[in-house]
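Reviewing the structure listed below.
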Amino acid sequence: MLKVEHIGIAVRSLKQAVPVYETLLGTNCYKTELVASENVKTAFLRSGETKIELLESTKEEGVISRYIDKKGEGMHHIAFEVADILAEMERLKQKGFHLLNEAPKQGADNKLVCFIHPKSANGVLIELCQEQKEK
Ligand code: ZN
């Protein structure tokens, strides 16, 4: 894996959380994006090499909404950038990791993504992401 690409944080309200993280990091949110397939709205901030992805549910029954109901707001996942997502998925599957999607899917920020079940990684939801080439 290449680096920590971003850290995902589940929030109830982007409107409330974005200014908090802008102040914390001393930088402005540079992008918001709706990921309809996941029922989330995301906001990105950059801190050096790493991004922070704030996630707000757009639906009562969405994954982020359910996560917050269970655990409250907070750290949701760590995303690692990979050069070849298919190869990494295969490698980890071989090693017994439980992948949450069988094929890479379209994520925010022009990335192909795959999630690994927290049970496979000591309680942390892991995201693999690969930058997509120009469309
Ligand atoms: Zn993410």
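Order of appearance sets the numbers: ligands from 1, and atoms from 1 within every ligand.
- Classification of E102 and K93 as a salt-bridged pair holds, one side-chain N sitting under 4.0 Å from a carboxylate O.
- Counting only heavy atoms from C-beta outward, the side chains of I9 and H77 never approach each other to under 4.5 Å.
- For C129, every N, O or S atom stays at 2.8 Å or more from the Zn ion (ligand 1).
- The Zn ion (ligand 1) lies at 2.8 Å or more from every N, O or S atom belonging to E5.
- For residue H6, an N/O/S atom approaches the Zn ion (ligand 1) to within less than 2.8 Å.
- Distances from the Zn ion (ligand 1) to each N, O or S atom of E127 single out OE1 as the nearest.
- With respect to the salt-bridge test (charged N to carboxylate O, under 4.0 angstrom), the residues K111 and E131 qualify.
- The nearest N, O or S atom of D109 is not closer to the Zn ion (ligand 1) than 2.8 Å.
- Only one option out of E53, R46, E81 pairs with H6 in a side chain to side chain donor-acceptor pair (under 3.5 Å); it is E53.
- Under the 4.0 Å criterion applied to side-chain N and carboxylate O atoms, K15 and E56 are not assigned as salt-bridge partners.
- For E53, the N/O/S atom at the shortest distance from the Zn ion (ligand 1) is named OE1.
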